[in-house]
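The block underneath contains the structure these notes are about, expressed in structure tokens.
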Amino acid sequence: MAKDKGFDLTRVRNLGVIAHIDAGKTTTTEHLLFYAAAKHKLGGVDEGTTDTDYDPEEQARGITIYSACVPFEWAGHTINLIDTPGHVDFTAEVERSLRVLDGAVVVFDGQKGVEAQSETVWRQANRYGVPRLVFVNKMDVVGANFARTLESVNSRLTPNPEEQGRPVPIVIPIGSGGPADSRTPFGGVIDLIEMKAKFFDAGDLGKTVRVADIPEDSLLEAQEYREKLFDALTAHDEKDLITSVVLDGKDPDPVKVRQLVREQCLARKIYPVLAGSGREHIGIQPLLDAVTLYLPSPFDRPPVTGTDPKGKKEQKRKPDPKEPFCGLVFKAAWHPSGNRFFVRVYSGVMKPNMRAFNPGKDAKENVAKLFHVHADPARGLEEVESGPAGDIVCVVGLKDTVTGDTLCETAHPILLEAITFAEAVVSQSIEPESGGDKDKLALALEVLQLEDPTFKVRADKDTGQTLMSGMGTLHLEVKRHRLERDFRLKVRAGKPRVSYREMLKDPRTLDIKVDRLGDKPAFAELKVSFTNFKTERPVGVFNAVPAENPTPIAFLAAAEKTLADLLQTGEMGYPMMNAQARIIDAKFDPQLSTEDAFINAAVRAYRQATEGNVQLLEPIMKVTVSTPLSFVGNITGDMARRRAQIESQDTGSAGDMAEVVATVPLSELFTYANEVRSLSQGRAAMSMEPHSYAEAPASVLKQLLGE
């Protein structure tokens, strides 16, 4: 991996593999590692032997839950590969991975095409400007159709190619389906740049690749796709690398074609498309080659942007080891011997025993050691002497740092943009079976919160129960199993329930004066502005008191913390969202003022701001149901009674299936997966993801208040 001497940033690829659940993402990742000789035996998802799904929960369920960073070498390049979850409950793992990656491979099921979570991860990649490759997997399964999958990517993910880029095949499959269901079963791939066929020896699990002439019955199709490739490339060929040659009817130099593909992939003008089958060991080596040829190195990405934590002026850091050090902590992981923190180094060099500055916490951290980490803990840690710009390293020894924090040099501070995560939508009470384990449970829940920013714990102000909140019932079930397995706690969990939110109806500015606490004289005066936003904003409390104001910082800090705690608790017991409080003025008395007086003033300000001014919000989910046409009526009728708003109802290109997309309140969906199967005789499939929050109807509010 990254070494101190001779480290070439241009030959580094920080790569993510992202997809909808069951698209074959982890199997594809296993083959990438196997062919790169990063492992000597090919693991299987069904057997629970894959490198990246190392956690017992992942092995039992056959899905990826935790993003795993695996380093390996291919064609003289260092690749830091992160396998991410496909299940929507664990979308935070995708979010934080894409925040620090330079490129991605998006895996699609060759039979199903674009699925619900495919759209989610594609939007996440768009948000971070991540160049990507498209890999159409499972070309060996019944009904696999490369052209149909390509069309679904075009229509659903890139409907405006001039603005969003377009998927462009550089490799196409030879045949599709298996021997039992297809007269032309999937057997290899065609490289459209070299115009050669590639076949993979099943006897050695696809390691041996035979290059041959294109079969005659595939030649016309290959020529048609090659023309489309050149049409797409010449549309933005400002340097005339191939346009003149193509217009003259000649074959362009493959080296120049690849150069143009790379330039346009980095600019997100195109998304190179490849095809294969992880299960049948076909098409993976061309994908590995494409990663090194077309995806960006850290050097190809724009400088990272942040702010000066004091002056708030924009700061930039180039991906250069000679620049001042800065990095982003994108993941924290609990470990019995000490928590591990994964850091993407954006500039400079991170070294063991250095004193790093955390500007968000205004704290200095001791970086004890640096490692590269294999996905499977049994394979141990590889200690490294440094983490230069562009590298991803694991750090031990940090005390105050959490996910999303910046680390940098004290002399050259920079605060990078934090990672934004979705709001939790489901809550569940949790308590130890033994009263003596109460403190142990509290500590374990604190650890789980450290690891997962979408997992929240709070006390119910009415019942005193401890509530854990997450992205879905599976998310909370996994946390409960971890409490039992990793922390050896016996716990009882209540029924899952909706995690509602509260929002201020109108903004209010209040002048609050405190002159007594009980029967004793006191003094505190605050002017607090409460703002409500119609769009999503992080909840926050800000000290906007002018710098010349003499009120002691300790008094203002006590008021800030009180307001923050109250906003988190809410008026009806649910956290506020899209609200901010600003302390814009304050007065104190040297003899009578205390922290308690300012706390009391903050409480009064909050109560007056929320009195008759709070609305209840309920989480709305985007639900996608894929069903045979004969059951569409059953599905839509059932949705109507769940207060659903149907957004679209499309018939798939195969003609026998329909996809129904709707937005539905989460409170109506806890048993929906089972009922969909019942309504369709077990033939429909559904997925859902958080969509938005909307004002809850009066009937819901009455039910919650027990009226």
Side-chain angles (χ1 to χ4, degrees), residues 306-315 358-363 400 413 415 417-418 420 458 461 501-615 617:
T307 58
D308 174 356
K310 292 184 178 179
K312 301 298 181 184
K313 294 181 180 178
E314 185 177 271
Q315 300 278 318
N358 181 333
K361 299 286 195 304
D362 193 23
D400 299 315
L415 185 61
E417 181 184 354
T420 302
R458 64 184 177 89
K461 73 173 187 178
R501 289 291 183 271
E502 299 177 25
M503 191 170 82
L504 294 174
K505 294 178 182 178
D506 299 301
R508 288 183 179 176
T509 299
L510 302 155
D511 287 294
I512 304 295
K513 185 175 181 179
V514 173
D515 53 20
R516 298 193 72 81
L517 287 179
D519 59 354
K520 295 181 179 180
F523 184 85
E525 195 168 325
L526 288 176
K527 185 174 185 179
V528 186
S529 171
F530 291 86
T531 307
N532 66 327
F533 298 98
K534 300 303 180 185
T535 56
E536 285 196 23
R537 297 284 186 92
V539 175
V541 179
F542 301 94
N543 178 3
V545 175
E548 60 271 16
N549 188 301
T551 304
I553 291 295
F555 293 170
L556 295 174
E560 280 186 76
K561 184 179 185 307
T562 300
L563 289 169
D565 291 343
L566 290 168
L567 287 172
Q568 182 60 33
T569 304
E571 188 66 10
M572 291 176 277
Y574 300 103
M576 285 279 181
M577 68 182 299
N578 303 342
Q580 292 181 357
R582 289 182 179 272
I583 303 174
I584 53 180
D585 202 2
K587 293 180 181 178
F588 84 110
D589 183 292
Q591 279 75 44
L592 298 177
S593 292
T594 62
E595 288 188 18
D596 286 344
F598 276 83
I599 289 172
N600 187 272
V603 171
R604 292 190 194 182
Y606 173 80
R607 286 177 178 167
Q608 291 187 30
T610 56
E611 185 177 4
N613 193 36
V614 174
Q615 63 186 31
L617 304 178

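Side chain of N613 to main chain of D506: a donor-acceptor pair is present (N/O by atom type, distance under 3.5 Å, no hydrogens or angles). A donor-acceptor pair under 3.5 Å is absent between the side-chain atoms of R458 and the main chain of T569, judged by distance alone.
Across every non-hydrogen atom of E595 and A554, the tightest pair is OE2-CB, 3.7 Å. Here the shortest heavy-atom pairing between L504 and A609 reads CD2-O, 3.9 Å. Contact between A559 and I583 at its shortest, heavy atoms only, is CB-CD1, 4.0 Å. Nearest heavy atoms, G360 versus L415: N-CD1, 3.8 Å.
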* To do: With side-chain contact (heavy atoms from CB on, under 4.5 Å) as the test, would you mind laying out the steps for L566 and V603 before giving the verdict?
  => CA-CA 8 Å; L566 290 168; V603 171; 4.2 Å; yes
* **Derivation and outcome, side-chain contact (heavy atoms from CB on, under 4.5 Å), residues D596 and L517** => CA-CA 8 Å; D596 286 344; L517 287 179; 3.9 Å; yes
* To do: Begin from the C-alpha positions of T509 and K527 and carry the test side-chain contact (heavy atoms from CB on, under 4.5 Å) through to its verdict.
  => CA-CA 7 Å; T509 299; K527 185 174 185 179; 3.9 Å; yes
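At a threshold of 4.5 Å between non-hydrogen side-chain atoms, the residues F530 and L563 count as touching. At least one side-chain heavy atom of R604 sits less than 4.5 Å from a side-chain heavy atom of V514. Counting heavy atoms from C-beta on, the side chains of L567 and V541 come closer than 4.5 Å.
When each of M576, E502, K505 is paired with T610, the side-chain contact (heavy atoms from CB on, under 4.5 Å) condition holds for M576 and for no other.
Expressed to the nearest 0.5 Å, how far CZ of F533 lies from CE of M503 amounts to 11.0 Å. A distance of 6.5 Å separates CG in D589 from CZ in F523, rounded to the nearest 0.5 Å. Taking CG of N532 as the reference point, atom NZ of K534 lies at 5.0 Å (rounded to 0.5 Å). Rounding to the nearest 0.5 angstrom, the gap separating the NZ atom in K587 from the NZ atom in K513 is 8.0 Å. Between the CD atom in E560 and the CD1 atom in I553 there is a gap of 8.5 Å [rounded to 0.5 Å]. One finds the CD1 atom of I512 at 8.0 Å from the CG atom of L526 (value rounded to the nearest 0.5 Å).
Residue pairs satisfying the ring-ring contact (aromatic ring centres under 6.0 Å, His included) criterion with at least one member in residues 579-615, sequence neighbours excluded, are listed as follows: F555-F598.
Other residues, nucleotides and ligands place more than 12 heavy atoms under 6.0 Å from the CZ atom of R516. Atom NZ of K361 is surrounded by more than 12 heavy atoms from other residues, nucleotides or ligands within 6.0 Å. Atom CD of E417 has 12 or fewer heavy atoms from other residues, nucleotides or ligands within 6.0 Å.
Under 3.5 Å, the side chains of N549 and T551 contain a donor-acceptor pair of N or O atoms.
With a 6.0 Å cutoff to the six-membered ring centre and a 45° limit on the axis angle, R582 counts as a cation-pi contact of F542.
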